[in-house]
Amino acid sequence: MLGGVTEPANHPVAPQPRVAAFFDLDKTVIAKSSTLAFSRPFFQEGLINRRAVLKSAYAQFVFMLAGADADQMDRMRAHITSLCTGWDVEQVNAIVEETLHDIVDPLVYKEATQLIAEHKEQGHDIVVLSASGQEVVGPIAKLLGATHSSGTRMVVSAGRYTGEVDFYCSAENKAAAARELAEEHGYDLSQCHAYSDSVTDLPLLESVGHPTVVNPDRGLRKEAVQRGWPTLAFDHPVSLRARIPTPSRAAVTAAGVGMGAVAAAGAAWWGVRYWRRHR
């Protein structure tokens with residue numbers, strides 16, 4: 001007490017909880033399956049044959065037009081893991097790094113980049129969670145300016161993929177990854193945000209206080225309506241080339257490669273439209 005005036009108690013101020021915005025990747029931030037999008041450079045470098053490229057092109061168009069349910073996701077996972085068995089990990093990382101700008105640059109939704117920027121302005125961390133391999137997810141997340149990322153991890157032995165999956169970042173596992181990151185970095189999940197297009201990510205959306213669905217598949221749209229969750233439509237892919245002007249060798253060599261994949265994709269698109277019109 002000084003001069004009859006009682007000094008206020010010096011109580012420590014509790015730190016504000018940290019907030020993260022968790023983003024699914026495929027059809028939420030980018031307009032394609034991030035893993036299947038790299039089938040062409042993998043073909044160019046001799047990791048897969050032309051038949052695998054055509055199969056991936058078909059799978060890509062089915063994914064884009066119809067969405068992918070849990071069974072389709074599992075089949076795509078099995079397809080990808082069977083393809084990459086025996087691949088050299090360093091070679092895969094080098095291919096992804098070299099072709100990243102050419103593959104991903106045209107696919108990022110403009111609305112997603114704006115949303116990410118808004119979260120950053122509010123001081124939120126950006127976290128990308130995807131069922132695609134971490135070798136793809138990590139570089140894409142860095143390209144987007146994300147703080148952290150988590151993807152599917154393959155088992156590696158002697159520098160090569162064994163074909164076994166160590167951690168599949170999908171469904172409940174994706175929510176588990178969010179909880180692990182929250183514990184590690186001090187996020188208050190009740191104040192965090194999450195964005196996804198797929199009903200398989202329902203556990204992730206349920207784990208945060210502010211879930212939002214983006215380009216939802218039929219199952220997730222139904223859940224969103226029942227739960228009163230906000231719904232966003234992203235449909236304007238925008239080039240990030242002005243912000244990331246580094247071209248790769250693939251820009252020069254890719255023009256004459258992969259025409260079979262383009263033809264197969266076009267046939268798949270026509271077939272799906274014909275089926276929808278005549279069913």
Would you say [X] and [Y] make side-chain contact, with heavy atoms under 4.5 Å?
{"X": "Asn215", "Y": "Tyr109", "answer": "yes"}
{"X": "Lys120", "Y": "Ile126", "answer": "yes"}
{"X": "Arg218", "Y": "Val199", "answer": "no"}
{"X": "Ser149", "Y": "Gln134", "answer": "yes"}
{"X": "Leu115", "Y": "Glu111", "answer": "no"}

Give the other cluster members for Leu181, using side-chain heavy-atom distances under 4.5 Å between Ile, Leu, Val, Met, Phe, Trp and Tyr residues; answer none if it is isolated.
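Phe22, Val127, Leu129, Tyr187, Leu189, Leu204, Val208, all in the cluster of Leu181.
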Output every pair passing ring pair (Phe, Tyr, Trp, His ring centres under 6.0 Å) with a member in residues 123-154, not counting sequence neighbours, ordered by first then second residue.
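Found His119-His124, His124-His193, His148-His185.
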Could you see if [X] belongs to whatever hydrophobic cluster contains [Y]? Use Ile, Leu, Val, Met, Phe, Trp, Tyr and a side-chain cutoff under 4.5 Å.
{"X": "Val136", "Y": "Phe167", "answer": "no"}
{"X": "Val108", "Y": "Tyr195", "answer": "yes"}
{"X": "Phe234", "Y": "Leu143", "answer": "yes"}

Kindly write out the residues that satisfy side-chain contact (heavy atoms from CB on, under 4.5 Å) with [X], not counting sequence neighbours, or none if the list is empty.
{"X": "Glu164", "value": "Val155, Thr162"}
{"X": "Lys222", "value": "Gln226"}
{"X": "Pro230", "value": "Thr212"}
{"X": "Val156", "value": "Val89, Tyr161"}

What are the two closest non-hydrogen atoms of [X] and [Y], and how far apart are they?
{"X": "Ala224", "Y": "Thr231", "result": "CB-OG1, 4.1 Å"}
{"X": "Val238", "Y": "Lys110", "result": "CG1-CA, 3.4 Å"}
{"X": "Val165", "Y": "Met154", "result": "CG2-SD, 3.9 Å"}

Any residue meeting salt bridge (charged side-chain N to carboxylate O under 4.0 Å, His left out) with Glu223, in chain and number order, not counting sequence neighbours:
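Listed in chain order: Arg227.
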With sequence neighbours left out, write down each residue that passes salt bridge (charged side-chain N to carboxylate O under 4.0 Å, His left out) with Asp188, or none if nothing qualifies.
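Residues passing salt bridge (charged side-chain N to carboxylate O under 4.0 Å, His left out) with Asp188: none at all.
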For the pair Thr152 (side chain) and Ala131 (backbone), establish whether a donor and an acceptor sit closer than 3.5 Å, ignoring hydrogens and angles.
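Indeed, once roles are kept as given, a pair shorter than 3.5 Å links the two residues.
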Measure from the side-chain N and O atoms of Ser132 to the backbone N and O of Val137, and report whether any donor-acceptor pair falls under 3.5 Å.
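Not confirmed, Ser132 side chain does not pair with Val137 backbone.
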Please report the interatomic distance [atom1]([X]) to [atom2]([Y]), rounded to the nearest 0.5 Å.
{"X": "Leu107", "Y": "Asp26", "atom1": "CG", "atom2": "CG", "result": "10.0 Å"}
{"X": "Cys169", "Y": "Leu25", "atom1": "SG", "atom2": "CG", "result": "10.5 Å"}
{"X": "Asp197", "Y": "Arg221", "atom1": "CG", "atom2": "CZ", "result": "10.5 Å"}

Listed by chain and number, what are the side-chain hydrogen bond (donor to acceptor under 3.5 Å, both in side chains) partners of His210, not counting sequence neighbours?
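Listed in chain order: nothing, the list is empty.
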Intermediate values then yes/no, side chain to side chain contact (heavy atoms under 4.5 Å, CB included), Val29 and Val128
CA-CA 9 Å; Val29 175; Val128 174; 5.8 Å; no
For Ser198 and Ser196, run side-chain hydrogen bond (donor to acceptor under 3.5 Å, both in side chains): C-alpha distance rounded to whole Å, both residues' side-chain angles, the deciding distance at 0.1 Å, then the answer.
CA-CA 6 Å; Ser198 174; Ser196 178; 5.5 Å; no
Per the salt bridge (Lys or Arg N to Asp or Glu O under 4.0 Å) rule, what does the pair list look like for [range], sequence neighbours excluded?
{"range": "residues 122-132", "answer": "Arg18-Asp125"}
{"range": "residues 147-159", "answer": "Arg153-Asp166"}
{"range": "residues 172-187", "answer": "Asp24-Lys174, Glu172-Arg179, Lys174-Asp201"}

